[in-house]
Amino acid sequence: MSYMNEKLLKPYDPKNTEERIYKLWEESGFFNPDNLPGERKEAFTIIMPPANANGSLHAGHGLVMTIEDIIVRYKRMQGFKTLWLPGLDHAGFETQVVYEKQLEKEGRTRFGMDPELLYKEILNFTLTNSANIKSQIKQMGASCDWSREKFTLDDDIIKIVYQTFKRMYADDLIYRGNRIVSWCSKHQTSFSDLEIKDEERMDSLYYLKYGPFVIATSRPETKFGDKYVVMHPDDKRYQDYQDGQKIDLEWINGPITATIIKDEAIDMEFGTGVMTITPWHDNADFEIAERHKLDKEQIIDEFGKLLPVAGEFAGQHIKKARALIIEKLQTKGLVEKIEENYKHVVRTCYKCGTVIEPQIKSQWFVRMKPLAEKALEKINSEEIKYIPEHYKKITTYWLENIMDWNISRQIVWGIPIPAKICTKCGHGMVDLENKITKCTSCSGEVIKDNDTFDTWFSSGQWPYVVLGYPDNKDFKTFYPTNVMETAGDLVFFWVARMIMLGIYITDKIPFKTIYMHGMVLDAKGQKMSKSKGNVINPLTLTEKYGTDAFRIGMVVGNTPGTSLSLSEDKIRGYKNFANKIWNATRFVLDNTKDFIVPEVIEYDEEDKKSDEELKALMQEITKEMDEYKFYIVAEKLYHYFWHTFADVVIERSKKKILENQNANSAKTLLYTQLTTLLVALHPFIPFVTEEIWSMLPDKKNLLLVEKWPS
RNA sequence: GCGCGGUUAGCUCAGUUGGUAGAGCAACCCGUUUACACCGGGAAGGUCGCAGGUUCGAGUCCUGCACCGCGCACCA
């Protein structure tokens, strides 16, 4: 029984294997590139997208951990000084939203809460969750270097982020501006253009009499302060009216004086070709007002209620006010007609669906054009490679049309913006040391900026901050990193910004290859959501079928970028695969007892053919691994193991061994093919393969660091 | 409106410079033989969304259309 392990007599049991094997790996220290055996000159680095510490591991995380672990294990076996750096994300707004929901359940609200207390509560919540998430990442078999783990609120991270803020301000890439921003009246914060979701809605389009004109609007509740009426300069219908001409007219709450403005932004085809503008609450109107230096007046407050300018409607919420306003306009005879079922797009908060109310606010903005131009250069010159390639097109389009980035958020959960604001002139000053006491522009009184950074402003710097830019040895060894693997919906939010900020600060691209995976959907191809009740928890699957089965099931047939339907049947199928390997091993070990693979191998003809076949396969898959085609490699290995190694090689060996005809050839082939396949399969299904490896009589080292055949 | 992706066996999806269509799962028939019933053997299953074009030859290249999914800074 010397070569046979008793465990092999029972079916493979992931539960009694995985935790033990993971511990073995961790204790070996090989997750840390500094401890890897042999001489390793070339580094290979992946920075893990920091996991949101506001819930449990979901199927998407499962995919991230699987793909990245496959890459990292492969590279480690190939002899690279391999680093996979894990991290956790405080996830600013996202986490605050999750926590606010929890508060709501408890009958509490963040408004009126002491900000410091709220911060502490969310911090506790986050730390509890991080511990959870961390152990779940380990359950997925992630071979990342926990000794280098980072959290987005670590002191050293914040320090570097602050330096960046200061430098960008000095370089005039950051400015404080009084500009129109997207405001969510539920969450009480402004957003960048990316936190907005366009939604098609059916509303009414109201045609209102405005003096001698008729204007079309879908938002009559904003019209109280409208005192500019705008038309296209070339519009013949209105050629008798002059730019700047004043007209007296009767409006919602009485007589007003309106001014005529001619502007080319007007679409002559739409409505009547005439509109009034509300610069405080509409992007296009704001632009027109800026061009003509017109007055801007706030009509709606931050909570969506009408201000005193609305007269008798003041204090009412806009949702309720609309109908009442139209009613009043109708009694005054100012409604020309109402077009029902008017289809248009409204901008909503991506989290709660509340209609975004543009507001003019003083905030910090990043001037994006110069940053985007440099990024475009690198992307267009192929210094950065996108997988799949079409993400490149999407990115360049976005970069070419980029808008300035509002990085101020009116929430407590995040990195505080280290700045002072002048109460007199509104001037903003970066103040890392908290020293400024007077406005540097007008000597007025200053207050601390109470806002926090958009979480992506700090995450956008992740690759170089986690490696300790600028002086840390790790930064010199592991930057630029090799692969950034993340979800496709983060192309703009995160990936593009990392490229821009990375180039700006380090003068180098932060990563050479971008691998984007698609969304994980349920078995029917539908988006998972709590409300639909179709959420699949990866941990239930790993518990039922083993982590290996889950991992390879996630990968086979899953081309990068396309979404993946996760079905339990598929995972179950790969559980059988793990067991198949297990049983094949039993057969091989049982038949190679007291047998030593000879130094000079002599195969008979058919065995020689099989030997060559596997060698050719290994070459093929090595190439495909380098091309990140894991979906093909996994399938090929599965297929070869089951339908060639087990069905042909093993079956054929039975007769030879029994009849002692070319038995040595058969035994040699059995043993070498098994070991080769274990090596090749290890990145995909690390637990079973490592467990079996430990049972092989001549393998003393961990499979984790076994050399990949090339 | 513009852009991107998809449409291949019942289901989920592969198909790498154009050369007779593939896998897994499911369904069907048969079977217990040095591992494995979490198994083996066998058979079945597709006018590759539609219409044109290029070519000796198109799932693959070009044009147009349809449907599904996703994204996008200014139409009130």
Side-chain angles (χ1 to χ4, degrees), chain A residues 4 8-9 11-12 193-194 196-198 205-208 215-220 222-223 226 230 263-278 282-288 342 344-345 347 388 390-394 397-398 400-404 488-489 491-492 518-519 521 523-527 545-546 549 552-553 556-559 561-591 620 623-624 627 629 631-632 634-636 638-639 642-643 646-647 650-651 653-655 657-658 670:
Chain A
M4 260 295 267
L8 284 172
L9 297 173
Y12 172 59
D193 52 314
L194 290 179
I196 307 304
K197 211 179 149 203
D198 287 347
L205 186 63
Y206 305 92
Y207 287 78
L208 308 177
I215 57 160
T217 181
S218 59
R219 302 199 62 196
T222 65
K223 296 284 151 201
D226 287 14
V230 194
D263 194 284
E264 297 190 345
I266 300 299
D267 179 358
M268 288 188 268
E269 309 286 310
F270 188 90
T272 55
V274 183
M275 69 174 195
T276 61
I277 57 167
T278 316
D282 185 281
N283 293 306
D285 295 2
F286 179 84
E287 298 292 328
I288 293 171
Y342 167 63
H344 68 146
V345 172
R347 303 164 71 233
H390 72 260
Y391 274 101
K392 179 180 159 178
K393 256 191 226 170
I394 297 173
Y397 184 81
W398 186 73
E400 280 159 7
N401 297 283
I402 202 157
M403 296 163 68
D404 282 359
D489 51 5
V491 240
F492 308 143
M519 227 187 299
L521 308 171
K524 290 178 195 148
Q526 287 186 313
K527 219 172 181 168
Y545 305 110
I552 194 164
V556 171
N558 179 22
T559 33
T562 54
S563 47
L564 156 85
S565 302
L566 181 56
S567 86
E568 198 164 328
D569 276 345
K570 196 172 169 190
I571 307 296
R572 188 185 303 123
Y574 290 109
K575 184 198 172 196
N576 298 350
F577 180 49
N579 197 50
K580 185 80 181 175
I581 298 172
W582 191 254
N583 286 310
T585 302
R586 186 205 304 191
F587 177 86
V588 172
L589 292 190
D590 211 14
N591 281 284
E620 251 174 65
K623 186 167 167 264
E624 282 154 355
E627 290 165 351
K629 293 179 178 167
Y631 59 103
I632 290 179
E635 196 186 323
K636 280 186 178 170
Y638 174 90
H639 205 255
W642 204 305
H643 298 297
D647 291 350
I650 288 186
E651 288 308 319
S653 75
K654 288 178 183 172
K655 201 174 165 225
I657 292 170
L658 210 63
L670 284 178

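Letters A, B, ... mirror the listed sequences (proteins, then strands); counts begin at 1. Nothing here was measured: the structure is a model prediction, and the numbers come from that model. Below, each value reflects all heavy atoms present in this structure, side chains not excepted, and no hydrogens, waters or symmetry copies.
- Residue order along RNA chain B, read from the 5' end via each residue's closest nucleotide, puts A/K393 first among A/K393 and A/A216.
- Phosphate proximity of B/rC38 to A/R586: absent, as no side-chain N or O sits under 4.0 Å from OP1 or OP2.
- In this structure, A/K580 atom NZ and B/rA35 atom C1' are separated by 8 Å, rounded to whole Å.
- Geometrically, A/K654 engages A/F587 in a cation-pi contact, judged by NZ or CZ lying under 6.0 Å from the ring centre and within 45° of the ring axis.
- Residue A/T562 places none of its side-chain N or O atoms closer than 4.0 Å to OP1 or OP2 of B/rC70.
- OP1 and OP2 of B/rA76 both lie 4.0 Å or more from every side-chain N or O belonging to A/Y207.
- Rounded to whole Å, the separation between the P atoms of B/rA66 and B/rA14 comes to 25 Å.
- Between A/I571 and A/L566 there is a side-chain heavy-atom pair separated by less than 4.5 Å.
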Would you write the dot-bracket representation of RNA chain B, where each base gets (, ), [, ], | or . depending on whether it forms a Watson-Crick or G-U pair under 3.5 Å and with which partner?
(((((((..((((.....[..))))..((((.......))))......(((((..]....))))))))))))....
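- Phosphate contact (OP1/OP2 of B/rC36, side-chain N/O of A/K654, threshold under 4.0 Å): absent.
- Rounded to the nearest 0.5 angstrom, A/I288 CD1 and A/D263 CG are separated by 4.5 Å.
- The P atoms of B/rA27 and B/rU17 are separated by 36 Å, rounded to the nearest whole Å.
- At a cut-off of 3.5 angstrom, the base of B/rA35 holds at least one donor-acceptor pair with the side chain of A/E651.
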Between A/Y574 and A/Y545, does the side-chain contact (heavy atoms from CB on, under 4.5 Å) criterion hold? Intermediate values first, please.
CA-CA 8 Å; A/Y574 290 109; A/Y545 305 110; over 6 Å; no
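- Per the geometry, CE belonging to A/M268 stands 15 Å off C1' belonging to B/rA76, to the nearest Å.
- Listed candidates were B/rC74, B/rA76, B/rG24. Nearest to the side chain of A/H643 is B/rG24.
- In the set B/rA35, B/rA76, B/rU34, the nucleotide with an atom closest to the side chain of A/I657 is B/rU34.
- Nearest-nucleotide assignment on RNA chain B puts the 5′-proximal partner with A/K623, out of A/K623 and A/D647.
- When the P atom is compared between B/rG41 and B/rA26, the two are found 16 Å apart, to the nearest whole Å.
- Nucleotides B/rG3 and B/rU8 are separated by 24 Å at their P atoms, to the nearest Å.
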Working note: A/D193 + A/F492, criterion side-chain contact (heavy atoms from CB on, under 4.5 Å); need CA distance, chi angles, decisive distance, verdict.
CA-CA 11 Å; A/D193 52 314; A/F492 308 143; over 6 Å; no
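- With distances taken from any side-chain atom of A/P11 to the nucleotides B/rC38, B/rC72, B/rA35, the minimum falls on B/rC38.
- Atom CZ of A/R219 is separated from atom P of B/rC74 by 14 Å (rounded to the nearest Å).
- Residue A/Y638 is classed as a sugar-phosphate contact, given heavy-atom separations below 4.0 Å to backbone atoms only.
- Annotation: side chain of A/I632 is not in contact with side chain of A/E620 (no heavy-atom distance under 4.5 Å).
- Atom CG in A/L566 sits about 14 Å away from atom C1' in B/rC13, given to the nearest Å.
- Using a distance-only test at 3.5 Å, with no hydrogens or angles considered, no donor-acceptor pair links the side chain of A/R347 to the main chain of A/I196.
- The same atom, C1', is picked in B/rA58 and in B/rC62; the two are 11 Å apart, to the nearest Å.
- No N or O donor and acceptor, one from the side chain of A/K570 and one from the base of B/rC25, sit under 3.5 Å apart.
- Using atom C1' as the reference point in both B/rG59 and B/rG49, the two lie 12 Å apart (nearest Å).
- Counting any heavy atom pair closer than 4.0 Å across all strands shown, A/A584 reaches a base atom.
- Phosphate proximity of B/rC36 to A/W642: absent, as no side-chain N or O sits under 4.0 Å from OP1 or OP2.
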Carefully, step by step, assess A/N579 and A/W582 under the rule side-chain contact (heavy atoms from CB on, under 4.5 Å).
CA-CA 5 Å; A/N579 197 50; A/W582 191 254; 4.2 Å; yes
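- For the OP1/OP2 pair of B/rC39 and a distance below 4.0 Å, the side-chain nitrogens and oxygens of A/N576 include at least one atom meeting the criterion.
- A sub-4.0 Å separation between OP1 or OP2 of B/rA76 and a side-chain N or O of A/T217 is absent.
- Within the 4.0 angstrom heavy-atom criterion, no nucleotide atom of any strand lies near A/Y206.
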A/L8 vs A/L589, side-chain contact (heavy atoms from CB on, under 4.5 Å): CA-CA, chis, key distance, verdict:
CA-CA 10 Å; A/L8 284 172; A/L589 292 190; 3.8 Å; yes
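- Out of B/rC74, B/rC36, B/rC38, the shortest distance to the side chain of A/N283 is found at B/rC74.
- The side chain of A/S565 places an N or O atom within less than 4.0 Å of a non-bridging phosphate oxygen (OP1 or OP2) of B/rC13.
- Between A/Y12 atom OH and B/rC36 atom P the separation is 19 Å, expressed in whole Å.
- Using a 4.0 Å heavy-atom criterion, one finds that A/A646 contacts the bases of the nucleic acid, with or without backbone contacts as well.
- At a threshold of 4.0 angstrom between heavy atoms, the contacts of A/T559 are confined to the sugar-phosphate backbone, with no base atom among them.
- Counting non-hydrogen atoms under 4.0 angstrom, A/Y631 reaches the backbone sugars and phosphates but no base.
- Side-chain atoms of A/K570 come within 3.5 Å of backbone atoms of A/V556 as a donor-acceptor pair (strictly under, hydrogens ignored).
- Taking atom NZ of A/K629 as the reference point, atom C1' of B/rG15 lies 11 Å away to the nearest angstrom.
- The side chain of A/H639 sits closest to B/rA23 out of B/rC74, B/rA76, B/rA23.
- Taken to the nearest 0.5 Å, the CG atom of A/L194 stands 9.5 Å off from the CE atom of A/M403.
- A/L658 comes within contact range of at least one nucleobase, with a heavy-atom separation under 4.0 Å.
- Across the P atoms, B/rG15 and B/rG1 are found 31 Å apart, a figure rounded to whole Å.
- A gap of 11 Å separates the C1' atoms of B/rU63 and B/rU54, to the nearest Å.
- Residue A/E635 is in sugar-phosphate contact alone, with no base atom involved, counting any heavy-atom pair closer than 4.0 Å across all strands shown.
- Separating the CE atom of A/M275 from the P atom of B/rC75 is a distance of 10 Å, rounded to the nearest angstrom.
- Looking at A/D590, its side chain has no donor and acceptor atom pair within 3.5 Å of the base of B/rU34.
- When the P atom of B/rC36 is taken as reference, atom CG of A/N591 falls 12 Å away, rounded to whole Å.
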